[in-house]
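Protein chains get the first letters and strands the later ones, always in sequence-line order, with residue 1 at the start of each.
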Amino acid sequence: MLDIKRIRNDFEATKERLGTRGVAAEELDHLKALDENRRELIQKSEHLKKHRNEVSADIAEKKRNKEDAQDAIAAMKKVGAEIKAIDADLELLEEQVNAVAAGLPNLPHPSIPVGADEESNIEVRKWGKPTEFDFEPQPHWDLGTSLGILDFERGAKVARSRFLFYRGLGARLERALYNFMLDLHITEHDYEEIIPPYLANDDALYGTGQFPKFKEDVFQIKNQPLTLIPTAEVPLTNFYQNEILEEKDLPKYFTALSPSFRSEAGSAGRDTRGLIRLHQFNKVEMVKFAKPEDSYDELEKMTNNAEDILQKLGLPYRVILLSTGDTGFAAAKTYDLEVWIPAQNTYREISSCSNTEDFQARRAMIRYRKESDGKVDYLHTLNGSGLAVGRTVAALMENYQQKDGSIKIPEVLVPYMGGVKEIRRT
RNA sequence: GGAGAAUUGUCCGAGUGGCUUAAGGAGCACGCUUGGAAAGCGUGUAUACGGUUUUCCGUAUCGAGGGUUCGAAUCCCUCAUUCUCCUCCA
């Protein structure tokens, strides 16, 4: 949520910046008109309420003195009705203001490239070189199926397409990876380990920005006000929903493994095979609560934390700075990490690290009390994947495949695999 | 799932329709007092929105949302959470 006062006071500049994210100018003009209307009604209503409070005090006084107050009561009856009518209009208007305001994306950070889509993204850096093979590398779904460690057919049978069973060393590999990731974050990167709820209510989803605009992207529980989380960012960020933190306690770092459930509406036909695009996948998430002045340093650190995992696993990747048009709804600035996927001969997103500044904090009412003057202000929230586990399995299988279709296990994972050094057909 | 109790400010806690503008206490901040400290005394101590602007003024907020009333912390309804007991269960 953007600050309505900021939109009001810096109207033209805000309009222009949101324009780079595809927000129509008319939408802001509409918002401005609604806001002016709203403030007018607030003043009307509050004047009447002031009047009512004063007269009510008089009535109380008269009653105590056993005097007659019928005239005043009759007059206030009318005023009461008037207030009710104005407040009803006001409520309607506020709903409209909120509906427009809640649908506006975050303001893009000045450092990010302006552009309509991913064409304008910038490659910031690259680590490693695309893996070279002296044979034709297989896609991970073929490797996984022939090794008997990934079973997509039965996943579709039991749930539907885009679900799978991991079996045997496949399941173990997934578990090894997320344990490795969590251990790294809690021992070397100072995150606190969390196990969050995997269902969240509407307030939480509103807080992080999924609701009201992106309801189609999630699975909601029938007859319950609960939704399967599309990312652990939702419960982790909302951990401090409606709370005021002390400045000395910032920054706070949380990490959690969770399944992520996504309906993938509108992506029919894209990445239909393999582990790249599923309705349910595991992800280790990182979330930070930071002071505004530190949040961009924290974003760099968080991105490095995610990179650290890829480096230790020896997976080649590049870091992409997203353009205004490609940046997600809640984010002011986002780095994507893209890992090399040999069979597709391309880099694919495996992590996304964002600073949402006070956009989510404003929605979820997460604030902190400043040491200097004791005043309360919104803090900044950040989130990043560290990493998407399923896609890491895919990248690892493809980059570490050997000519005979077996898969080598990287050094750092061997202890997590109980000493297993490679996965081969038995 | 069933029965009962509770939810008031940073914390404790009073408050069953109007002298409550939420008593009282604790904590915290500042000041007075002191050689210094403690005690004591005094002053202050929320958030949001609107108006004004570097001061103020107003409105709202007593778990959340509705209702009754000229007027609600207080009465009514719905919901949430917590606790106790029963039931069930990993």
Side-chain angles (χ1 to χ4, degrees), chain A residues 1-11 31-102 195-207 211-212 221 223-227 235 238-250 358-379:
Chain A
M1 180 77 83
L2 299 175
D3 184 0
I4 187 83
K5 284 181 201 157
R6 178 180 185 156
I7 297 177
R8 196 186 294 152
N9 296 335
D10 197 16
F11 187 70
L31 183 64
K32 192 181 180 187
L34 288 172
D35 178 52
E36 278 165 11
N37 211 334
R38 170 179 155 268
R39 281 183 294 155
E40 211 171 288
L41 282 190
I42 285 174
Q43 287 186 52
K44 255 196 203 170
S45 169
E46 289 191 349
H47 276 128
L48 287 172
K49 280 175 185 166
K50 185 186 177 187
H51 182 223
R52 181 178 68 183
N53 286 344
E54 286 165 356
V55 177
S56 281
D58 290 347
I59 293 171
E61 174 90 33
K62 281 185 176 148
K63 290 272 182 183
R64 276 197 300 275
N65 298 333
K66 307 269 190 251
E67 289 171 36
D68 178 67
Q70 276 317 305
D71 290 352
I73 288 176
M76 281 310 99
K77 208 164 191 164
K78 272 189 197 159
V79 172
E82 209 177 327
I83 290 172
K84 211 170 202 174
I86 292 172
D87 281 353
D89 288 348
L90 188 58
E91 198 185 322
L92 232 73
L93 209 49
E94 275 180 343
E95 272 169 29
Q96 292 178 59
V97 170
N98 284 339
V100 178
I195 299 178
Y198 299 149
L199 294 170
N201 61 30
D202 290 1
D203 285 347
L205 284 141
Y206 177 82
F211 283 7
I221 306 296
N223 299 328
Q224 296 277 346
L226 290 167
T227 299
N238 281 287
F239 184 88
Y240 286 122
Q241 179 204 91
N242 265 310
E243 292 191 34
I244 298 172
L245 309 191
E246 296 299 327
E247 179 172 352
K248 65 175 166 50
D249 295 332
L250 297 177
D358 65 3
F359 188 85
Q360 292 178 327
R362 199 175 286 284
R363 289 175 160 240
M365 288 292 282
I366 308 170
R367 294 169 294 174
Y368 76 110
R369 192 176 299 279
K370 287 186 269 189
E371 265 164 8
S372 54
D373 55 5
K375 291 286 177 203
V376 174
D377 200 4
Y378 295 105
L379 47 71

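At B/U52, none of the side-chain N or O atoms of A/Arg39 fall inside 4.0 Å of OP1 or OP2 (strictly under the cut-off). Dashed line: the shortest gap from a side-chain N or O of A/Lys5 to OP1 or OP2 of B/A48 is not under 4.0 Å. At B/U59, one or more side-chain N or O atoms of A/Asn53 fall inside 4.0 Å of OP1 or OP2 (strictly under the cut-off).
Taking atom CD on A/Glu40 and atom P on B/G58, their separation rounds to 22 Å, with Å as the unit. In this structure, CD of A/Glu61 is placed 13 Å from P of B/U21, rounded to the nearest angstrom.
The side chain of A/Lys84 sits closest to B/U68 out of B/U59, B/G50, B/U68. Comparing atom distances between the A/Arg52 side chain and each of B/C70, B/G51, B/C49 picks out B/C70 as nearest. Ranking B/U59, B/U47, B/G18 by closeness to the A/Arg367 side chain, first place goes to B/U47.
For RNA chain B, the stems formed by at least three consecutive Watson-Crick or G-U pairs, with both atom-pair distances below 3.5 Å, span B:1-7 with B:80-86, B:10-12 with B:24-26, B:27-32 with B:40-45, B:46-51 with B:56-61, B:63-67 with B:75-79.
In this structure, A/Arg369 and A/Lys50 both approach RNA chain B, and ranking their closest nucleotides by distance from the 5' end singles out A/Arg369. Taking the nucleotide of RNA chain B with the nearest heavy atom to each of A/Val376 and A/Asp35, the more 5' of the two is matched to A/Val376.
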Derivation of the side-chain contact (heavy atoms from CB on, under 4.5 Å) call for A/Val97 and A/Leu31
CA-CA 6 Å; A/Val97 170; A/Leu31 183 64; 4.0 Å; yes
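No side-chain heavy atom of A/Lys49 sits under 4.5 Å from any side-chain heavy atom of A/Ile86. Using a 4.5 Å heavy-atom cutoff, the side chains of A/Thr227 and A/Phe211 are in contact.
No contact: A/Lys44 has no heavy atom under 4.0 Å from any strand.
On a pure distance criterion of 3.5 Å, no polar donor-acceptor pair joins the side chain of A/Gln43 and the base of B/G50.
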